[in-house]
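Report on one structure; see the data block that follows.
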Amino acid sequence: MNYLADEQRYTRMTYSRTGNSGLKLPPISLGLWHNFGGTDTFENSRALARHAFDLGITHFDLANNYGPPAGSAEETFGRIMKKDLLPYRDELIVATKAGYCMWDGPYGERGSRKSMLSSLDQSLKRLGMDYVDIYYSHRFDAETPLEETMGALDQAVRQGKALYVGVSNYNAEQTEQAARILKSLGTPFVIHQVHYSMFERRLEQGLQDVLAKEGVGTIAYSPLARGLLTDRYLENIPADSRAAGASVFLRPEDITEEKIAKSRLLNALAQERGQSLAQMALAWVLRNGHVTSSLIGASKVKQLEDNVAALNQLHFTEDELALIDQILAG
């Protein structure tokens, strides 16, 4: 049976402008960093993407090296597009990135024009698309002039292979320089993807001021601190968890007693608010309107539903915010 999207998907979700641009994103977006690789079950990945769209999540975030193996998340999403989502292409925001190691040799990573444009062509082939909606420089490259990296993003837009561009993992000064260059080129720099959560607050140390001044939107990745801001690790490390496996992104030694103690206190507050810890963590990231969207990952459909339910309670009292800061300062 052909997939038909839920007709109520836009009545349940709100959308916010990305910086000063006309692009609107849902407050919850789906990241394909995990659970969409070649080693994952395709039908589960497919169910996640379809249900996300049914919930009103229109933004799907990828990178050239997502998998494993590298590139396979784009291939998986390309299959999902072909089977299910292609009729809805004009309703979707599909993003990809380049900058981290993708293939052997001097052009398989970083920010040279050669690397950035070659990577985009490869991504489009894997996705089976003519263009992506957002193309990111995934990291700042000190070995390449910033004018060259931003020039490659500009060229991608002028070639019709991307509609908008963004950066990720740039500091405040690098972001300000990138904005200046892209503005001079007339390129639509609309978004910065940054690591931001209760446990990672560098966004607040100058970068957010730059983004506000430049009219650039913010999308937060790892808002749940790779699971530490969920009820997953409150007691122990489950055998089926990422930390118990071979993941290089969350290791048992990352789950410190100090962080677990803070998570337990935060969980108690979340319960008083009628939320799960994950829901409160997402609401906190979105609390003051500075963050346009929060990127979540999911391995089960129910996780999508639970995370989207965070939008039912975004308000915090001043006392609650003060208590959160006190717990985090711990």
Side-chain angles (χ1 to χ4, degrees), residues 2-36 44-62 77 80-81 83-96 132-134 163-164 166 190-194 196-197 216-224 229-230 270 273-316:
N2 291 336
Y3 166 71
L4 292 175
D6 190 322
E7 293 182 354
Q8 302 301 313
R9 61 192 180 278
Y10 293 124
T11 65
R12 294 190 292 259
M13 183 65 71
T14 59
Y15 300 86
S16 300
R17 287 180 62 203
T18 308
N20 291 342
S21 76
L23 178 65
K24 291 187 175 183
L25 294 181
I28 301 290
S29 298
L30 182 61
L32 280 65
W33 187 12
H34 297 285
N35 305 310
F36 285 81
N44 187 60
S45 303
R46 184 184 185 188
L48 289 169
R50 288 170 29 155
H51 197 67
F53 188 52
D54 285 339
L55 291 171
I57 295 175
T58 53
H59 181 214
F60 297 86
D61 179 81
L62 293 133
F77 193 71
I80 296 168
M81 283 294 299
K83 287 178 177 290
D84 300 314
L85 296 178
L86 194 58
Y88 305 98
R89 176 64 183 97
D90 292 339
E91 299 179 40
L92 303 178
I93 302 299
V94 180
T96 197
V132 292
D133 298 276
I134 305 172
L163 301 185
Y164 304 94
V190 299
I191 196 162
H192 188 298
Q193 188 170 136
V194 60
Y196 185 52
S197 73
V216 176
T218 306
I219 184 165
Y221 73 83
S222 293
L224 303 182
L229 288 169
T230 72
R273 285 170 48 85
Q275 292 180 306
S276 69
L277 175 56
Q279 289 167 344
M280 186 178 78
L282 289 170
W284 182 89
V285 164
L286 297 166
R287 70 196 181 283
N288 54 20
H290 292 318
V291 171
T292 313
S293 188
S294 184
L295 268 177
I296 62 166
S299 59
K300 300 177 181 67
V301 164
K302 187 177 185 304
Q303 289 176 313
L304 289 172
E305 296 173 348
D306 290 345
N307 286 341
V308 169
L311 304 179
N312 297 331
Q313 169 61 301
L314 294 177
H315 174 72
F316 289 85

Quiz prompt | Positive for side chain to side chain contact (heavy atoms under 4.5 Å, CB included) with Phe53, one of Asp84, Ile80, Asp6, Thr58 | solution = Thr58
Exercise. Apply the side chain to side chain contact (heavy atoms under 4.5 Å, CB included) test between Ile93 and each candidate in Thr18, Ile134, Ile57, Val132; give the one that qualifies.
Key: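 Exactly one pass, corresponding to Ile134.
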Taking all heavy atoms of [X] and all of [Y], pick out the closest pair and write down the distance.
X	Y	result
Ala220	Tyr196	CB-CB, 3.9 Å
Ala281	Pro223	CB-O, 4.1 Å
Ala283	Ala310	CB-O, 4.4 Å
Gln279	Ala309	NE2-CB, 3.5 Å
Val301	Ala47	CG2-O, 4.1 Å
Gly19	Thr292	N-OG1, 4.4 Å

Treating [X] as the side-chain partner and [Y] as the backbone partner, does any N or O pair qualify as donor plus acceptor under 3.5 Å?
X	Y	result
Arg46	Ala49	no
Ser293	Pro26	yes
Arg287	Trp284	yes
Asp133	Ala95	no
Gln313	Gly274	no
Ser45	Asn35	yes

Just verifying a value: how many Å separate [X] [atom1] and [Y] [atom2], rounded to the nearest 0.5 Å?
X	Y	atom1	atom2	answer
Arg17	Leu25	CZ	CG	12.0 Å
Arg50	Leu55	CZ	CG	13.0 Å
Ile296	Leu304	CD1	CG	5.0 Å
Met81	Leu92	CE	CG	5.5 Å
Ser294	Leu282	OG	CG	5.0 Å
Leu32	Leu295	CG	CG	9.5 Å

Self-check item: Note: Asp54-Arg12 ion pair, threshold 4.0 Å (strictly below)
Solution: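 Between Arg12 and Asp54 there is no salt bridge, as every charged N stays at least 4.0 Å from the carboxylate O atoms.
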Practice problem: Please name all residues satisfying side chain to side chain donor-acceptor pair (under 3.5 Å) with Gln303, sequence neighbours left out, ordered by chain then number. | Solution: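 Partners of Gln303 under the side chain to side chain donor-acceptor pair (under 3.5 Å) test: Ser299.
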Practice problem: Step by step, work out the side-chain contact (heavy atoms from CB on, under 4.5 Å) result for Ser276 and Asp306. | Solution: CA-CA 8 Å; Ser276 69; Asp306 290 345; 5.8 Å; no
Quiz prompt | Worked verdict on Tyr88 versus Leu4 for side-chain contact (heavy atoms from CB on, under 4.5 Å) | solution = CA-CA 10 Å; Tyr88 305 98; Leu4 292 175; 4.2 Å; yes
With a 4.5 Å cut-off on side-chain heavy atoms, are [Y] and [X] touching?
X	Y	result
Tyr3	Pro87	no
Val94	Arg89	yes
Leu286	Pro27	yes

Quiz item: Given the rule in the side-chain contact (heavy atoms from CB on, under 4.5 Å) test, do Phe36 and Leu30 qualify, once you have shown the distances and angles that lead to the verdict?
Solution: CA-CA 11 Å; Phe36 285 81; Leu30 182 61; 4.1 Å; yes
Exercise. Go through Glu305 and His51 one step at a time and tell me if the side-chain contact (heavy atoms from CB on, under 4.5 Å) criterion holds.
Key: CA-CA 9 Å; Glu305 296 173 348; His51 197 67; 2.8 Å; yes
